[in-house]
Amino acid sequence: MTKKSPDPDHRLAFNPRSLGLEEFSRDFFRLDTTVVAREIIGSWFARRHQNKWYAARIVETEAYLGSDDAAAHSWRGRRTRRVEPMYLDGGHLYVFFVYGMHCCANIVTQPAGIAQAVLLRAAEAPEGSLPKLLSGPGRFCAALGITTESSGTDLLSNGDFRLFRGKAAHGKIGVSKRIGVDYAGEAADWPLRFFETNSPAVSGPASLRGKST
DNA sequence: CACATGATCGCCT
DNA sequence: GGCGATCATGTGG
């Protein structure tokens with residue numbers, strides 16, 4: 001049994017389709033994982049629940065590079081029931097449960113069979129000014145009511161989860177090592193975390209907000 | 001900011 | 001049995 005599905009926070013009620021935003025193509029999610037991680041900064045992650053839409057604007061992501069990445073669940077080709085959705089085609093959802101109380105959501109990248117993904121770490125509410133609501137992967141899932149029962153869902157089959165391209169300019173994008181993977185040897189220092197430098201919703205210590213490109 | 005701790009449980013060895 | 005892609009809270013610098 002997985003966790004029961006809570007309602008999304010009502011303050012996230014929003015339908016990106018009303019803005020005429022476009023969805024990403026399947027091929028986009030098959031691109032290099034670091035490219036996808038960077039490109040989806042500023043995009044809208046949307047979810048339908050009980051016939052209402054909720055959405056948040058992504059401002060922080062991390063790339064997980066599969067079998068060669070000691071920080072990835074699919075390191076060394078590990079293939080268990082939990083990780084299995086990582087092996088799906090790009091554009092699927094991979095959600096896992098950690099620390100006995102939190103869920104983390106990823107978007108799978110690369111063609112089927114290559115288990116890489118982008119962790120969604122932080123986002124902003126449609127109306128803004130709710131800095132902590134979506135700051136951190138656990139809170140992101142909690143606010144949107146995302147649980148492991150949605151792991152394996154396809155974002156590109158007109159379902160309840162979708163990703164829309166952002167319209168406005170993203171601003172500067174910062175880069176740093178990933179958070180919470182210090183056990184991963186040299187992979188722990190790889191610069192695979194991307195974030196919108198001027199967003200108040202970005203998680204993690206200020207010490208990781210220095211560099212930008 | 002850095003560091004420490006507790007909560008809480010599915011997953012893997 | 002141990003630990004984690006976390007968070008909230010508390011301490012100290």
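Quick note on labels: first sequence line is chain A, next is B, and so on, each numbered from 1. Worth knowing before you read on, the calculation uses all heavy atoms, side chains too, and leaves out hydrogens, waters and symmetry mates.
- For A:S74 against A:G66, the heavy-atom pair with the smallest separation is OG-CA, 3.2 Å.
- The side chain to side chain contact (heavy atoms under 4.5 Å, CB included) check on A:N198 picks up A:E196, with sequence neighbours excluded.
- Cation-pi geometry between A:R193 and A:F195 is satisfied (NZ or CZ under 6.0 Å from the ring centre, within 45° of the ring normal).
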Would you mind building the protein contact string for nucleotides 1-6 of chain C? One character per nucleotide, 5' to 3', B for base within reach (heavy atoms under 4.0 Å), S for sugar-phosphate only, - for untouched. ---BBB

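- Residues A:T153 and A:D160 fail the side-chain proximity criterion, which asks for heavy atoms closer than 4.5 Å.
- Within 4.0 Å of A:A206, counting heavy atoms only, lie sugar-phosphate atoms of the nucleic acid but no base atom.
- Taking the ring centre of A:F164 as origin, the terminal cationic atom of A:R57 falls outside the region bounded by 6.0 Å and 45° from the ring axis.
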Give the dot-bracket string for DNA chain B, reading 5' to 3', where a pair is Watson-Crick or G-U wobble with both distances under 3.5 Å, ( ) marks pairs inside the strand, [ ] marks pairs crossing earlier ones, | marks a partner on another strand, and . marks unpaired. |||||||.||||.

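- A cation-pi contact, defined as under 6.0 Å to the ring centre and within 45° of the axis, links A:R165 to A:F28.
- Atom pair A:R79:CZ and B:dC11:C1' shows a separation of 17 Å (rounding to whole Å applied).
- Close placement of the A:H73 and A:F96 rings is indicated, their centers lying within 6.0 Å of each other.
- Proximity of A:T147 to A:P6: side-chain heavy atoms (C-beta onward) are separated by under 4.5 Å at one or more points.
- For the OP1/OP2 pair of B:dG10 and a distance below 4.0 Å, the side-chain nitrogens and oxygens of A:T148 include no atom meeting the criterion.
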